[in-house]
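What follows is one structure encoded as structure tokens, with my remarks underneath.
Numbers restart at 1 for each chain; the letters A, B, ... are given by sequence-line order, proteins then strands.
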Protein chains: 2
Amino acid sequence: MAARQQNRSSQGRRRASHSMESVLTEAVALLDEAGAPALTFRALAQRLGGGVASIYWYVANKDELLDLATDHVIGSILSDVEALPGGDDPVDDLRAIAVTLFDAIVARPWLGAYFMRNTNAQSNSLRLYEHLGAQTLRLDLTARQRFHAVSAIIGVVVGSAVDLGQEPPQEVLDGHLGRDEFLGRAAQAWRELDPADFPFVHGIVDEFDGHDDADQFRSALDLTLAGLRLQAGT
Amino acid sequence: MAARQQNRSSQGRRRASHSMESVLTEAVALLDEAGAPALTFRALAQRLGGGVASIYWYVANKDELLDLATDHVIGSILSDVEALPGGDDPVDDLRAIAVTLFDAIVARPWLGAYFMRNTNAQSNSLRLYEHLGAQTLRLDLTARQRFHAVSAIIGVVVGSAVDLGQEPPQEVLDGHLGRDEFLGRAAQAWRELDPADFPFVHGIVDEFDGHDDADQFRSALDLTLAGLRLQAGT
DNA sequence: AGTACGATAGAACACCGTTCGATGCTGTGC
DNA sequence: GCACAGCATCGAACGGTGTTCTATCGTACT
């Protein structure tokens, strides 16, 4: 009985049988390969070897598809976070979690735009949120300070991620122009500004040229964490 | 001679004559009234009383339209920033600028998604960037620290703005549900979680319920600025 | 007057999310 | 063994989007 569905690609070929898992997996694969604009119902259907309308049996609309796909990968990020060793210093643990988050977004730039979009549902986002917050319970803070601290850390991650998630302006996607070259070109434009009008920009253009996004994020995070440490009075 | 174009709505009526200014103004008006999805070439053309393709004479594509519209409003934000009094403490001045930015995004939620998308051009964004950076010149920091400090502050603003710019889930847009009511409902769901699994969430749910976004932003900003002050050694 | 050119516009194209109605497949009660 | 119910699937169509093509108008200059 029912010895068919375990081998869905043998001779059936007429109809495709999916599953929530496969839909989400392929959706994430599309997002990973070519970013948010690549995830269309038609492309996804073709990849699943089925029809367009079939996807709507698993998902109400595109927003829900995005939400579920996002939650799907946040699940694996959650695993990474839970695998973190954890040490004496809660602030260091907060930093480690935040860095893990950032790394995950670097690997999947499209995540930046949808990250933490749905804190409401019983999703993995909430568990991640709890993980961050748990560290603040080890600090001497008020409830409000804890709430704001976690929001601030997520804000730093998202803020850096948005900068990062921006699609490069077409030339680098085509491979005609490397990222460093693109940065260098912008830097050159900055150098040609009037130093009297733009003293600051002139002062940091060398830092901007060829800068590392991870460094930038780490610095922003450390500023926030330093402030937090001060607040906790340790 | 040429006593026509100053009164383009009298009897001409056949053809519409626009200008870069009017295109951008109406585009911003559409964004302000109903958010990003409301800005379509057809809606904009109708508003300008002209054809769809005419807009392409002023603008290469929608991305450029968004960039220019964004830069247009950033110009007025820049005026607000330049009107700021400015005091003894550079960090306080940084805070004032950041708060001005945040307020502008609160007034125009769609800005959050596009803010600081193009630091490359000779735009108003760059001037705003310079304004922020100018304050760091009054602090005892290295060039790299200054670069990272400004990035961090922008990151906090953008991070908070993204949270804020999220379209509410349809019910509140229809007016069927107030924002506070919506927050309260989510809070209630949090309260019903197992306190053993979610100690942090339970501890801050009262803070989350009916929280003020401005407070949240201010706290995140203050953490970063406290860290910066520590770094500058004042 | 004729012409070059800045500026406008309608129609069409390809693609998108979404819906509708019909159709195949599968397990269940007779 | 067979009709039936419902789960799952799909093709085709609809309305809407950004974008392009081509034709045209109006104005200023020679």
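- Side-chain atoms of A:S54 do not come within 3.5 Å of backbone N or O of A:G50 as any donor-acceptor pair.
- At a cut-off of 3.5 angstrom, counting only N and O atoms as typed in the model, there is no donor on one side facing an acceptor on the other between the side-chain of B:R42 and the base of D:dG16.
- Side-chain N or O atoms of A:E130 include one that pairs as donor or acceptor with a backbone N or O of B:F200 at under 3.5 Å.
- Regarding A:F41, its CZ atom lies at a distance of 17 Å from the C1' atom of D:dA12, rounded to whole Å.
- For A:K62 and C:dT18, the NZ to P distance is 8 Å, given to the nearest whole Å.
- Using a 4.0 Å heavy-atom criterion, one finds that A:L65 contacts no nucleic acid atom at all.
- Taking only side-chain atoms of A:A53, from C-beta outward, the nucleotide of C:dC20, D:dG18, C:dA7 with the closest atom is C:dC20.
- You'll find that the side chain of A:Y58 is closest to D:dA8, out of C:dA7, D:dA8, C:dG17.
- When heavy atoms are screened at a 4.0 angstrom cut-off, A:T40 is found touching the sugar-phosphate backbone but no base atom.
- A salt bridge links A:D206 with A:R191; the closest basic N to acidic carboxylate O contact falls under 4.0 Å.
- Within the structure, ring pair (Phe, Tyr, Trp, His ring centres under 6.0 Å) pairs that include any residue of residues 65-84 of chain B do not occur (at least two apart or interchain).
- Across all strands shown, B:L44 has no heavy atoms under 4.0 Å from either base or sugar-phosphate atoms.
- C:dT18 atom C1' lies 13 Å from atom CG of A:D63, rounded to whole Å.
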